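Working notes, beginning with the structure itself.
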Protein chains: 2
Amino acid sequence: MLRVSRLTDYATVVMTCIAASPSEVLSTAQIADATHLELPTVSKLLKTLGHAGLVESFRGVNGGYRLARPASAISLAEIVEALEGPIGMTECGVSEGQCDRESQCGVRGSWQRINSVLDDALRAVSLADMLRPPVHRTRVTVALSELKGRTTA
Amino acid sequence: MLRVSRLTDYATVVMTCIAASPSEVLSTAQIADATHLELPTVSKLLKTLGHAGLVESFRGVNGGYRLARPASAISLAEIVEALEGPIGMTECGVSEGQCDRESQCGVRGSWQRINSVLDDALRAVSLADMLRPPVHRTRVTVALSELKGRTTA
DNA sequence: TTGAATCGGGACTAAAATGGTACTGATTAG
DNA sequence: CTAATCAGTACCATTTTAGTCCCGATTCAA
């Protein structure tokens, strides 16, 4: 099964939880409580998300976290990248010459194409989309038509 | 980084290698040599691919492997599924109630949508596509327009 | 000024997945 | 009958991942 790490999965839940109360500063404890995740885990996630510039932190009493930008301006891709680094499904890009046949180039090219499709799909889903009930969502469709235009060349 | 396991990556290389010599029976040793992968690793991969019905095996002297179907009828998705099971990026489907808010439903829905895009993209790339040089490939484009039609509803 | 609440950063541990290896048995061709 | 080859299983080492803990820094408020 292709997968995203469990922490990344959690991160989307945490981000959605924060997005559900915009303009409120939520403490780690509140978020952990609401999401039913362990507090140290949530803390670690928020630290990472903060480094990525996705949430703002406030120290001291009544401190906590808030979205750094409106939910509509934060994409699923950014959350994934914050936790896992650049989006990609293989390590072809880094490791060299494990198969020097011309066929291998085709393999690499195909994977890169898959990566690109996935990346665009992730980029097309915003945090605001994730807040909405799962029906009648249309942003992915929009993204795919853009994508079609782009890859037709 | 989102990823597919290294073995899955290897499997695509092995499959492409076999596809490059259609109607020939290649031994594990030949394939290992051509792909620069360890022989036991290739052996393990081929067994798995055989179970999935993607390659045919022949025992005994001059035995080996051959594609079970034409390369154009084998998709990247099938290779991935053979190695990793059903395609999906999260385990939301199995684990229950880790977050009982309505927001969580949005998260799950979004991930399922991503899964679907990815699945379709993988299904749109055939082994024959991977044999071709990486320029002027058009199948993904075709697939995306189909996909657009499908998700527009 | 003091203390409590809270984030920040890093180190650490335990568990799981992964990749790779070895060995033994079954099958087939010559 | 023998050598070549696939089939199956069990095993081990390494890496990655998840999760926890600790302590310092910061802020608010009494």
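Quick caveat, the model's predicted, so the values are computed rather than measured. To find a chain, count down the sequence lines: A is the first, B the second, and so on, and within it residues start at 1. In what follows, every heavy atom counts, from backbone to side chain, and hydrogens, waters and symmetry copies are set aside.
- Between A/E56 atom CD and C/dG8 atom C1' the separation is 16 Å, expressed in whole Å.
- Distances shorter than 4.0 Å separate none of the side-chain N or O atoms of A/H51 from OP1 or OP2 on C/dG8.
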Review item, nucleotides 18-21 of chain D N/O atoms under 3.5 Å of protein N/O:
from   : atom 1 : to    : atom 2 : distance (Å)
D/dA18 : OP1    : A/R6  : N      : 2.6
D/dG19 : OP1    : A/R6  : NH1    : 3.4
D/dG19 : N7     : A/K44 : NZ     : 2.7
D/dG19 : O6     : A/K44 : NZ     : 3.0

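- Here A/V61 is tied to no hydrophobic group at all, with no ILVMFWY side chain closer than 4.5 Å.
- Applying the side chain to side chain contact (heavy atoms under 4.5 Å, CB included) criterion to A/A128, with sequence neighbours excluded, gives A/A71, A/S72, A/S126.
- The residue B/T28 sits close only to the backbone: its heavy atoms come under 4.0 Å of sugar-phosphate atoms, none of a base.
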(message) Walk me through whether B/T35 and B/T16 qualify under side-chain contact (heavy atoms from CB on, under 4.5 Å).
(response) CA-CA 10 Å; B/T35 58; B/T16 307; over 6 Å; no

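- A heavy atom closer than 4.0 Å to some atom of DNA chain D occurs in A/R59, A/G60, A/V61, these being the qualifying members of residues 57-70 of chain A.
- A straight line from CG of B/L45 to P of C/dT21 spans 12 Å, rounded to a whole angstrom.
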(request) Check the pair A/M130 / A/V125 against side-chain contact (heavy atoms from CB on, under 4.5 Å), numbers first and verdict last. (result) CA-CA 8 Å; A/M130 293 202 275; A/V125 177; 4.0 Å; yes

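- In this structure, the CG atom of A/L46 is 17 Å from the P atom of C/dG10, given to the nearest Å.
- Residue A/F58 is found in a hydrophobic cluster whose other members, listed by chain and number, are A/V25; membership requires side-chain heavy atoms under 4.5 Å apart, directly or through intermediates.
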Give the table of side-chain donor-acceptor pairs shorter than 3.5 Å for residues 39-55 of chain B, with sequence neighbours excluded, one pair per line with atom names and distance.
from  : atom 1 : to    : atom 2 : distance (Å)
B/T48 : OG1    : B/K44 : O      : 3.1

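- Residue pairs satisfying the salt bridge (charged side-chain N to carboxylate O under 4.0 Å, His left out) criterion with at least one member in residues 73-82 of chain B, sequence neighbours excluded, are listed as follows: B/R69-B/E78, B/E81-B/R123.
- Atom CG in B/D9 sits roughly 11 Å away from atom P in C/dG20 (whole-Å rounding).
- Qualifying salt bridge (charged side-chain N to carboxylate O under 4.0 Å, His left out) partners for B/E56, counting only residues two or more places apart in sequence or in other chains: B/R66.
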